[in-house]
Each structure stands twice: as C-alpha cells, then as structure tokens.
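Take a look at the structure below.
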Amino acid sequence: MAPLATILRYRDVGLPGSGARPRPRSFLSPDVVAAQFDRLAAAGRPVVRVAAVLAALTGGPALPAGAVVLTFDGALADHHGAILPLLVARGLSAAFHLPAAPIRRRRVAGAHKLQFVLARADTLQDVTAAVFDLVAEHRRAGAALPHGVALWDDLAAVGAPRDLAEREAMFVNRLLRSGLPAAVRGAVVDRLFQTFVTADEAEFAAGLYLTPAQAAALAAAGMEVGAMGDGADNLQGLPPATQAAEVAQSAAFLAEVAGQESGRRLFAYPAGGWDEATLELLPAHGFAAGLTCHRAPVTAGSDPLRLPRFDAARDLDAVLAKT
C-alpha cells in the first residue's frame, strides 16, 4: 500500500549541558535538527499536522505527496527554548507530546534518569557494579530475581559485541528498560539516579523540563500539543486501573495547558508501550490518535490509534531516499 505520510519522531533534543547537568550522548543537538528541517525543505517534503493525517485517514482532504509530520516527545525545556524558534522561523508546525509528571510534579522520567546516570558515571563498570549490588539487595528482601551472573548471561550475551564496554552498556540498558519487574526496575533506577546524579530530583527536573507556561506557549504558537502519559514509562501490561488513571490524568493535563477539546487529543505511547486496554481507554478519554514507535510509513489502512513513526535521528536518510 502506498505511503500516505511519514511521521518523524524526535526524542531527546537539547542544548549542550554543563558540568552539573551534562547532556547524554543520546541527546540530539538543535543544530542537527535544524539541518534536518532544511533537508526536508530541499527535498520538497511538505510538513503537515497530525490532524491532517487523521482527516485523510477518515475520508477528508488528501495529503500532499511526500507529506511529513514532525513530532517531539519528552517535554524538555529545550523544546521550547531551542526547537520552537527553529519551527517558527521556517513556518513549520510540529506535535509535542508531553508527559505530565515532569511538568506538574517535577519528577524525572525513568528513561531520562538512566541516560543521565550513564552520562555522569565515571565508568560503565561503576554503574554495572551498582546494578549488581541493588539487584542483590532486592533478592535479599525477597524479590524473585535471578542472580547477577544469570542476568548478565541472559542480557549481555544475545547479539553481544566483543567490546566489554559495549556489552556493559547493552546489559545496563536492557536490564533497566525491560529486564526487571516494573516495581524493582523503578526502585533500582531511582537509587542509581540518587547515587550518580543527584538526590534533589525536583531541582534537577526544574532545569530539564518545560514549565506549565512553556507548555501552554507551544499551543499558543500554533503547535499541536499531545499527551505522553503521566508518570509511567511504559503502559504495556500495566493493570487496566493504572492505565485508566494515566490516560485520565493525561487528558486533564492537556485540557489545562493547551485547552484541548475531547475527541481531538493526541497521545504518544511512553516508550512505545501499549496493549488492548490502552486502545480501549484512549477514545473514552477523548483521544483521536495514538502514536507508536513502530518504524513504518502511514498508509490508507493505518489505525489512527496505532500510527507508526520513524526515528528521525536514525531514519531520515532512508525516508528521503524514498521521495
């Protein structure tokens, strides 16, 4: 089926950090993003809104050939300070998907905690050793977890590179993104963040994330503003009641900061995680679209609640090659 549109997903975009808050290597420079915007323009790829894609999927106006949608996840302060001016200067629109807890309650998202732990630690060996100690601590407290060696063999061996540092990075990322039960994983990441980064999470979050006023300013500037859960890093497999609370708080947050009407709300799945319960909850709370991390184009048969997105940092060359 021919592509209808391409949705690009930008994750962590930020200005250079400081000694107190070094930027993780995974953060994309705004200069790189600006260059990508200009490449899209040079290739004649028109930028459209998510709302235009939804309209086209439901019998509305057709999209221009080669249509692209720009989306930004994570609610970083630099999305307002660095990315919004780039968009406005070029007359472009983008959709910003905001997790509520970092803005409302000054909590650092679990994925960001892990990124800053890896950025601040002197060596990966220090992080790996701390992870083994914390897993052992949870085992002694009664958690049904494998021994550290078994975890290493399971998570660092599959498709493992030969370089030890790369294997350690793979192990830490796999373990702390999906390799432990959610409750244990969250507790381990919290302790690592306190050990390697800071014990003052609220102060750190205040410098990292948008304020409510900045979130509202994105909407006032004509950008689409969507939700990205409240505090969960991944909704897949969570109890329906927990997911319902996440989605309900997301809807309330959008109404608060962007005046979003029911039936037009956008939702980006945190860490790409969703299940059948999520798909049932979104329409009930006024969400018209759910954006995934599945890397594919939008086609005429795409489900509005499971819209695919390419990773802009990894996939732009391939997207432009298909023009």
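Hydrogens, waters and symmetry mates are skipped; everything else that's a heavy atom, side chains included, is used.
- The side-chain hydrogen bond (donor to acceptor under 3.5 Å, both in side chains) pairs that include a residue from residues 55-78 are R9-D73, R23-D78, T71-R309, D73-H97, D73-R309, where partners are two or more places apart or lie in different chains.
- Scanning all heavy atoms of the two residues, the minimum distance from L266 to A95 falls at CD1-CB, 4.4 Å.
- D275 places a side-chain N or O within donor-acceptor distance of the main-chain N or O of G237, the cut-off being under 3.5 Å.
- We find the OG1-CG distance between T278 and L305 to be 10.0 Å, quoted to the nearest 0.5 Å.
- A side-chain donor-acceptor contact under 3.5 Å links E224 to the backbone of A51.
- The CG atom of L86 lies 6.0 Å from the CZ atom of F37; values are rounded to the nearest 0.5 Å.
- At distances below 3.5 Å, not a single donor-acceptor pair connects side-chain atoms of Q115 with backbone N or O atoms of P24.
- Every residue two or more places apart in sequence or in another chain was checked for a salt bridge (Lys or Arg N to Asp or Glu O under 4.0 Å) with D31, and none qualifies.
- Formation of a donor-acceptor pair under 3.5 Å by the E168 side chain with backbone atoms of T128 is not found in this model.
- Side chain of S302 to main chain of L307: no donor-acceptor pair is present (N/O by atom type, distance under 3.5 Å, no hydrogens or angles).
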Determine whether F310 and Y10 satisfy the following criterion, ring pair (Phe, Tyr, Trp, His ring centres under 6.0 Å), listing intermediate values before the conclusion.
CA-CA 9 Å; F310 286 100; Y10 289 92; over 10 Å; no
Show me the donor-acceptor pairs within less than 3.5 Å that the side chains of residues 200-212 make with the rest of the protein, sequence neighbours left out.
{"from": "D200", "atom 1": "OD1", "to": "E203", "atom 2": "N", "distance (Å)": "3.0"}
{"from": "E201", "atom 1": "OE1", "to": "K113", "atom 2": "NZ", "distance (Å)": "3.3"}
{"from": "E201", "atom 1": "OE2", "to": "V108", "atom 2": "N", "distance (Å)": "2.8"}
{"from": "E201", "atom 1": "OE2", "to": "K113", "atom 2": "NZ", "distance (Å)": "3.4"}
{"from": "Y209", "atom 1": "OH", "to": "A109", "atom 2": "N", "distance (Å)": "3.0"}
{"from": "Y209", "atom 1": "OH", "to": "H112", "atom 2": "ND1", "distance (Å)": "2.7"}
{"from": "T211", "atom 1": "OG1", "to": "A213", "atom 2": "N", "distance (Å)": "3.4"}
{"from": "T211", "atom 1": "OG1", "to": "Q214", "atom 2": "N", "distance (Å)": "3.0"}

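- Taking every heavy atom of both residues into account, Q36 and A313 meet most closely at NE2-CA, 4.4 Å.
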